[in-house]
Colleague: 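Here it is, the structure in full.
The structure displayed is predicted, hence computed values, not measured ones.
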Amino acid sequence: MDINLPDVVAEVTAAVERYETALVENDVDVLDILFWNSPHTLRYGASENLYGYDAIREFRAGRSPQGLARRVLRTAITTYGADFATANLEFQRDGSERIGRQSQTWMRTPEGWRVVSAHVSLMT
């Protein structure tokens, strides 16, 4: 298996950057697009466990747009072949000293790169 093919890394990096921009701008439409529309998709948040695309979409629609600004401290993207990748970020929310961690598993679909699994946590 080819690890970190440059063209695939570039594609996934662009998808992750698009996700990050949509997240801090609370662009729910783009966030919905970037998650795989499947009952198999899951997202473990800092305070919620969401199973399936519909639950994730519902959470995003009801979440407050306040307090989403953050800066990314570190990003690690690894691609496996041409159709599978992981993205891991460390971040810090504006006004907080806590470090957050975000892990995403990305899969190439006919519609493009989509998050199939995500996990967000905060360090104490």
Colleague: Test of understanding: with side chain to side chain donor-acceptor pair (under 3.5 Å), list the residues that count as partners of Arg114, not counting sequence neighbours.
Modeller: none
Colleague: Examine Phe91 and Leu73 and state if one hydrophobic cluster contains both, with Ile, Leu, Val, Met, Phe, Trp and Tyr joined whenever side-chain heavy atoms are less than 4.5 Å apart.
Modeller: no
Colleague: Grouping I, L, V, M, F, W and Y whenever their side-chain heavy atoms are under 4.5 Å apart, do Val116 and Val16 come out in a common cluster?
Modeller: no
Colleague: Is Tyr51 isolated, or which residues cluster with it under the ILVMFWY side-chain rule of less than 4.5 Å, directly or via members?
Modeller: Leu42, Tyr44
Colleague: Of all the heavy-atom pairs spanning Pro65 and Asn26, show the shortest one and how long it is.
Modeller: CB-ND2, 3.3 Å
Colleague: Do Trp36 and Glu111 come within less than 4.5 Å of each other through their side chains, counting heavy atoms only?
Modeller: no
Colleague: With a 4.5 Å limit on heavy-atom distance, are the side chains of Arg60 and Leu23 in contact?
Modeller: yes
Colleague: Please name all residues satisfying side-chain contact (heavy atoms from CB on, under 4.5 Å) with Asn88, sequence neighbours left out, ordered by chain then number.
Modeller: Thr86, Ser103
Colleague: Through direct or indirect side-chain contacts below 4.5 angstrom among Ile, Leu, Val, Met, Phe, Trp and Tyr, which residues connect to Ile3?
Modeller: Met1, Tyr80, Phe84
Colleague: Any side-chain heavy-atom pair from Thr78 and Asn4 closer than 4.5 angstrom?
Modeller: yes
Colleague: I'd like to know if Val115 and Val30 are part of one continuous hydrophobic network [Ile/Leu/Val/Met/Phe/Trp/Tyr, side-chain heavy atoms within less than 4.5 Å].
Modeller: yes
Colleague: Which is it for Ile77 and Trp106 under the side chain to side chain contact (heavy atoms under 4.5 Å, CB included) test, yes or no, and what are the steps along the way?
Modeller: CA-CA 10 Å; Ile77 294 173; Trp106 290 79; over 6 Å; no
Colleague: How would you list, by chain and number, every residue that makes a side-chain contact (heavy atoms from CB on, under 4.5 Å) with Gln66, sequence neighbours excluded?
Modeller: Ser64
Colleague: Do Arg70 and Gln102 have a side chain donor and acceptor closer than 3.5 Å?
Modeller: yes
Colleague: Measure the CG-CG distance between Asn37 and Asp54 for me, rounded to the nearest 0.5 Å.
Modeller: 6.5 Å
Colleague: How is the hydrophobic cluster of Val9 composed, in terms of its other members, when Ile, Leu, Val, Met, Phe, Trp and Tyr link through side-chain heavy atoms under 4.5 Å apart, directly or indirectly?
Modeller: none
Colleague: Please tabulate, for the side chains in residues 117-124, all donor-acceptor contacts under 3.5 angstrom to protein atoms that are two or more places apart in sequence or on a different chain.
Modeller:
from	atom 1	to	atom 2	distance (Å)
Ser121	OG	Arg101	NE	3.4
Ser121	OG	Arg101	NH2	3.4

Colleague: Kindly write out the residues that satisfy side chain to side chain donor-acceptor pair (under 3.5 Å) with Arg74, not counting sequence neighbours, or none if the list is empty.
Modeller: none
Colleague: Please examine the side chains of Met107 and Asp83, heavy atoms only from C-beta on, and report whether any two atoms are closer than 4.5 Å.
Modeller: no
Colleague: With heavy-atom distances below 4.5 Å as the criterion, would you say the side chains of Val72 and Glu20 are in contact?
Modeller: yes
Colleague: In chain order, what residues pass the ring-ring contact (aromatic ring centres under 6.0 Å, His included) check against Phe59, with sequence neighbours excluded?
Modeller: none
Colleague: Using side-chain contact (heavy atoms from CB on, under 4.5 Å) as the criterion, list what pairs up with Val8, not counting sequence neighbours.
Modeller: Leu5, Val12, Thr79, Ala82, Arg108, Trp113
Colleague: Output all residues satisfying side chain to side chain donor-acceptor pair (under 3.5 Å) with Gln92, sequence neighbours left out; order by chain, then residue number.
Modeller: Arg71
Colleague: Looking only at heavy atoms, which two atoms of Ala15 and Leu34 are closest? And how far apart?
Modeller: O-CD1, 4.2 Å
Colleague: Please give the remaining members of the hydrophobic cluster of Leu68, linking ILVMFWY side chains under 4.5 Å, ordered by chain and number.
Modeller: none
